[in-house]
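Some notes on the structure that comes next.
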Amino acid sequence: MTETIAEAPSLSPDTAAAPAATRNAYRDALLTLMAADPRVVCLDTDTGLFSGADFGAAAERYIDLGIAEHTAMDAAAGLAASGWRPFVNTMAAFASARALEAVKINIAYAGQPVRIAATHGGVAAGHLGATHYALEDLAVMRALPNMTIVVPADAAATVAAVEQTADLPGPLYLRLGRKPTPPLPTLPLPTLPLPTLPRPAEPPRIGRIQVLRDGADVVFVGCGPHPVLAALAAADDLAGTGISAGVLNAHTLAPFDTGTLLAHCAGAALVVTVEEHRRAGGLGGAVAETLADQAPRRMLRIGLGDGPAVGAGSQDYILERHGLHPAPIAARVRTAIESHPRSSA
Amino acid sequence: MTETIAEAPSLSPDTAAAPAATRNAYRDALLTLMAADPRVVCLDTDTGLFSGADFGAAAERYIDLGIAEHTAMDAAAGLAASGWRPFVNTMAAFASARALEAVKINIAYAGQPVRIAATHGGVAAGHLGATHYALEDLAVMRALPNMTIVVPADAAATVAAVEQTADLPGPLYLRLGRKPTPPLPTLPLPTLPLPTLPRPAEPPRIGRIQVLRDGADVVFVGCGPHPVLAALAAADDLAGTGISAGVLNAHTLAPFDTGTLLAHCAGAALVVTVEEHRRAGGLGGAVAETLADQAPRRMLRIGLGDGPAVGAGSQDYILERHGLHPAPIAARVRTAIESHPRSSA
Amino acid sequence: MTVMAPATPGPAGLADVADRIRGHVVDMCAGREGGHLGGSLSIVDILTVLYFGVLRVDPAWPENPDRDMFVLSKGHGALALYATLAERGFLPVDELASYGQPGSRLMGHPMRDIPGVEVSTGSLGHGLSLGFGFALAARLAGSDRRSFVITGDGELQEGSCWETAACAAAQRADNLVAIVDRNGLQLTGPTEGISPLEPLADRWRAFGWSVREADGHDQAALAAELGATPWEPGRPSVLIARTTKGHGVRFLAGKPVCHYATLSERQHARARASLASFQRGSRDQALPAGTPLDRPPLAGTPLVEAPLSQPLLSPGEPA
Amino acid sequence: MTVMAPATPGPAGLADVADRIRGHVVDMCAGREGGHLGGSLSIVDILTVLYFGVLRVDPAWPENPDRDMFVLSKGHGALALYATLAERGFLPVDELASYGQPGSRLMGHPMRDIPGVEVSTGSLGHGLSLGFGFALAARLAGSDRRSFVITGDGELQEGSCWETAACAAAQRADNLVAIVDRNGLQLTGPTEGISPLEPLADRWRAFGWSVREADGHDQAALAAELGATPWEPGRPSVLIARTTKGHGVRFLAGKPVCHYATLSERQHARARASLASFQRGSRDQALPAGTPLDRPPLAGTPLVEAPLSQPLLSPGEPA
Ligand SMILES: Cc1ncc(C[n+]2csc(CCOP(=O)(O)OP(=O)(O)O)c2C)c(N)n1
Ligand SMILES: Cc1ncc(C[n+]2csc(CCOP(=O)(O)OP(=O)(O)O)c2C)c(N)n1
Ligand SMILES: [Mg+2]
Ligand SMILES: [Mg+2]
């Protein structure tokens, strides 16, 4: 909470890096890592993510097993147990459901250093429909022992995650998107009055909540590109009506950064989680459990409906339908604050 | 909260029904149901649970598919979509991991009335070891839409669950045990001073928390045979040192009975969940989320370690190792109460 | 959007129907989301024969309890299914133009809430087990309803397919029919280069199925085989249909790149032209006499032609 | 607990080793938890040949990085594995008596923290894919390490086995060897009555494997086949070993009820007697000359005989 804007790179939203898909950032980072680290193996499952990629001298460490997610996870466990560092590539839906038992017993329980690169997280599959959605994956992975769970909010954070976990001794679940998303903003948005400046976008550190913005009344906790951007914009919106809202980017769901969460929620009347996931068991669950253990706070858990009605459509269409856009988020926060004014919290 | 002991059946712990395995109670209840309801189909996966069972006229509705859990779940979805009421029999570990994608997309998302009879819940597999444990199943199932999740605490409750869900239009996850467990007590334990009498053991109603005991200071919320019995005994223990503890049997995790939970936790300084599950995402998660939404309370979530160190051994050995016995539970509650006395809550 | 004159295929006019379905598929791939072009085109003739010559289905009452069940296990062939359902009268042909638009029920993979779609698919390796469940249901009910499933060939790399294959044979589910779209390609390349399936017929036979092979673009051959199941009482049937991914669009056919395409205006026109010349060459196909065309398709369904206005072919981009 | 005199098998003494292992298995099933008797006894000869004649392993340094890998995919055969590891010097033979006791590391399925156990197993259908991972690891390292996997026959109903079978053939993993314990029984009955596996050899061949069959209780035959892999360069090898569930205990052998047993004192004595008479009849088995017994077993490991004091046979009770 002591960094200042002076440390920020001199980027503005206009000149910042163009939107990029976290899955593509991951792919490029992996190619770099494979060139540097001879332990790294890329196991593919006919995803097409590496079509045309140049593995150079690492070419024999790229193995496409075909459409065989279970085998890929178990084989990765065997490779990891033998000293290799396999990255298994599949969609989040298949990593967290189709192949779950292999992930559970042979990767998580066994504590093997397998990296699961899970694309199409949340409703990123959009138009591809419900069988390709991963709205339960964070709850599932959070229940597994040993699993480090990272949801990068932009391409730079994805690269940082790949780099920083190179020597992680246990497994990693890396939830990635599909279509390009903008980088997190690095300077105050020009038109809105801000109680505090946004934080500089230093690459996040795995295991540490990234404080994007301080705020007194409300604390947003988000993960992933769309939720974090929506929380930032909602905080701006609220600032316009005199509500001071902080924004935490909780990119690492496990191990969870209890200390930073508690420090920032200490004075808040409301803690609002925003996630591209069902409301049960994911980020909202992690925050609710952590707070209940130590310092219970009223919460608003914003995510996708618990009912069957997630629907199908483009990613943005679904997010909007479920109120994961800035305006409805801000509106819900206002209502919650009004119905439980600070003094009663 | 107005039932009186006069309504209790005149059973004492001595003359009560003998210990029984919930999986056996389920099997018998299913046989009865199959005789009465011609829609019910029993899909087996070489479990042996029905070896020697007499299906009578329903014999053609018993189908053993062999060791094929994924196929059984999908086939059940197809049967259910065609008007049948399939019960799929497997272990909780396999239902919630091996076959999860079928459960997710074709049963839960599709809202099909498939009943998943998941034996060996928690660490009931004991001596069979970690690959047979189901310590994540409640978190996983809770993340799925439409899923009714029931964890009966004794044989009578199991029978009630099978009976009461006969016409449930959506899917059911029924978590069962393995070895015999005692019926919930129906009369006050003779030797301990009790601030309030235990409730009569009327069969629980699906979707309704069963109030086993009222208490002012602490509320225990448990599910499953061992946790509920341990909570009852811990409440007795605490009563001996002047702490009044209520006990709620939250046998239905979804849909969760928010009303009863909130009503009973309103005055409590501490809410203690006890479950045979990892501490993340299960009953503790459900309670933490529910309370945070409406009336945040300090909690103690008692379950199995988040680390890899669940270990292996008999069910009781593991439960003891992880502090799921009455004495350590009571001790932890005392410590928690002392470190955060009521006034600060 | 140009609405062309309606056409009414007679029993011998299935080639025309398939031509129109291919046209729809190509048109939908020129929309904003693009689509799974190749794997849709490879199953058009199979779907045409199924829906116009084999399946007992009822567009007027899609949930008719006596209907045969169809599962598109390779759910990414959705475009071909939508177009077939439209031509068969389950959907207004107009609705095809909504594919890829916000709020449309026509998504990248089929969803249950579309009339005629029995089950949502898209994750590979589930259709056979779902279809097996339908087959068991029919048996328990003492009904003669049948269950047809189209799987991809790459899809058969999923172990779940073989798990179900064994179960279905064990249960003597001879009311279950699988059709393998043996186009030789999966998402990134040839199946035999990634994880070979051959000898595929031997595999199925060793799992207890009755196996036949056919040219998956020869409607007469398909109708002859699929119209006469079970081939061996007590055994489920599998037809290995030799197909071409992208069939009908010469510059894409057989190329891995046709898996997913967002056709530019120019490419769309070229694909349409390719289809047209292809059609002229395939006019001699017709159903053999005696094929069970018990429910002729609805008349009067218009053929949609989408505007030629899209920017870019984006093949190579994984879905 | 009676500790009998140690025995040192020479190269020709593997029949004795297997006899002792069977004795241990029966003894452990007389403990408080009982055990998977039948499926342990069916793999004793295979394990004996592997651990004493085929696998390059190092009891003095179980994690020796040059070792061959072994995976007991049918983890419920754990008792046979424990006894074999003990006889081979990985565990004190005394420790077998701890099986089923609180705090013991010898559980109903093998756990990684036992010396010589490479991976925890118990959920069926994972061993082949794990073993395949080990085989890939060896190939990437340019090592000649091999990977051996024992699967059950019922286990092959899991689709995951066939998924991996295809992948291993595609990757030309000829350093991978599977041995199918073809005892014809699964938990509740005969495989062919529940979900048939035959023609099993054809299945494997159609999935690209090199297939052989052998009498799974003929140590010489097993050693001849398993000592000479790969049988075809570029192909993984599978040996279909014809075995008897409960082999060696006449009153249980071949009966589904032997899957899991908690032997009473009387039954334990009877089983021991049955083993003894069986042993006398099988003394003529020996390894053929030239079998690669590169590391003779450790000498001096005592044979445990458990007390005959348990109450009940509880077969039929599912585990
Ligand atoms: C379980 C699962 N894994 C991966 C995918 C992604 N995927 C979609 S289509 C496809 C290729 C399928 O190949 P094939 O079955 O031959 O169908 P074709 O492309 O020939 O139509 C893949 C890998 C998926 N949909 N489901
Ligand atoms: C995935 C999974 N499903 C079910 C079981 C329960 N189970 C344990 S052993 C067994 C029978 C296995 O049969 P087979 O592979 O023939 O081994 P055998 O009994 O002959 O030793 C079953 C169903 C399991 N361990 N794992
Ligand atoms: Mg194909
Ligand atoms: Mg067997």
Side-chain angles (χ1 to χ4, degrees), chain B residues 21 23-24 27 44-53 62-72 74 89-99 102 119-120 123-134 176 178-180 308-321, chain D residues 31-36 74-76 78 99-114 117 119-127 151-161 163 185-197 256-257 259-260 315-319:
Chain B
R23 68 167 165 173
N24 292 343
R27 178 195 55 209
D44 207 351
T45 58
D46 196 30
T47 61
L49 185 58
F50 297 93
S51 293
Y62 172 79
I63 303 174
D64 190 347
L65 295 177
I67 312 171
E69 293 84 5
H70 163 103
T71 301
D74 269 352
N89 296 278
T90 179
M91 293 190 204
F94 310 142
S96 62
R98 168 65 62 105
T119 63
H120 299 65
V123 292
H127 167 73
L128 296 177
T131 57
H132 283 52
Y133 293 170
L176 301 166
R178 177 178 171 233
K179 295 201 169 176
V310 164
S314 73
Q315 183 172 22
D316 195 57
Y317 172 84
I318 298 177
L319 293 179
E320 180 169 19
R321 227 179 90 133
Chain D
R32 48 188 259 163
E33 293 276 4
H36 286 101
K74 47 167 283 185
H76 61 283
Y99 166 81
Q101 304 296 325
S104 170
R105 60 185 173 179
L106 304 184
M107 309 286 298
H109 297 95
M111 297 196 306
R112 172 71 178 113
D113 49 0
I114 300 168
V117 173
V119 67
S120 301
T121 51
S123 175
L124 298 168
H126 286 281
T151 77
D153 48 1
E155 180 178 8
L156 297 178
Q157 291 163 357
E158 289 285 355
S160 58
C161 299
E163 181 176 302
L185 291 175
Q186 54 193 98
L187 195 149
T188 50
T191 58
E192 303 312 285
I194 294 171
S195 187
L197 298 165
V257 80
H259 183 77
Y260 201 95
E317 173 75 348

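Below, read A as the first sequence line, B as the second, and so on, with proteins coming before strands; counting in each chain starts at 1.
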Checklist line | Segment of T121(D) engaging chain B (4.5 angstrom heavy-atom cut-off) | finding: backbone
Item checked: Minimum-distance pair of heavy atoms, taken over all atoms of G122(D) and H132(B) -> O-CE1, 3.1 Å
Item checked: Which atom of I67(B) lies closest to which atom of Q157(D), heavy atoms considered -> N-OE1, 2.8 Å
Checklist line | I318(B) versus chain D, the contacting section by heavy-atom distance below 4.5 Å | finding: neither
Item checked: Test item: side-chain donor near acceptor, R98(B) and H126(D), under 3.5 Å -> yes
Check: L106(D) versus chain B, heavy atoms under 4.5 Å apart: side chain, backbone, both or neither?
Finding: backbone
Margin query: Measuring only between side-chain heavy atoms, which start at C-beta, is Q101(D) closer than 4.5 Å to Y317(B)?
Written below: no
Notebook entry, point to check: At a heavy-atom separation under 4.5 Å, does F50(B) approach chain D through its side chain, its backbone, both, or neither?
Noted result: neither
Next item on the list: Taking the side chain as every heavy atom from C-beta outward, state whether E158(D) and E69(B) have any atom pair closer than 4.5 Å.
Entry: yes
Margin query: For the CD1 atom of I194(D) and the CG atom of D44(B), what is their distance to the nearest 0.5 Å?
Written below: 9.0 Å
Notebook entry, point to check: Can you check whether E33(D) reaches S314(B) side chain to side chain, under 4.5 Å on heavy atoms?
Noted result: yes
Item checked: Point-to-point distance, once rounded to the nearest 0.5 Å, from OG1 of T45(B) to CD of Q186(D) -> 10.0 Å
Item checked: Any donor-acceptor pair under 3.5 Å from D46(B) side chain to T188(D) backbone -> yes
Checklist line | Non-hydrogen atoms of H109(D) and L128(B) that approach each other most closely | finding: ND1-O, 2.6 Å
Check: Can you tell which of H127(B), K179(B), H70(B) has the highest number of heavy-atom pairs within less than 4.5 Å of chain D?
Finding: H127(B)
Note to self: Can you confirm whether T131(B) sits close enough to M107(D) that some side-chain heavy atom of one is under 4.5 Å from a side-chain heavy atom of the other?
What the structure shows: no
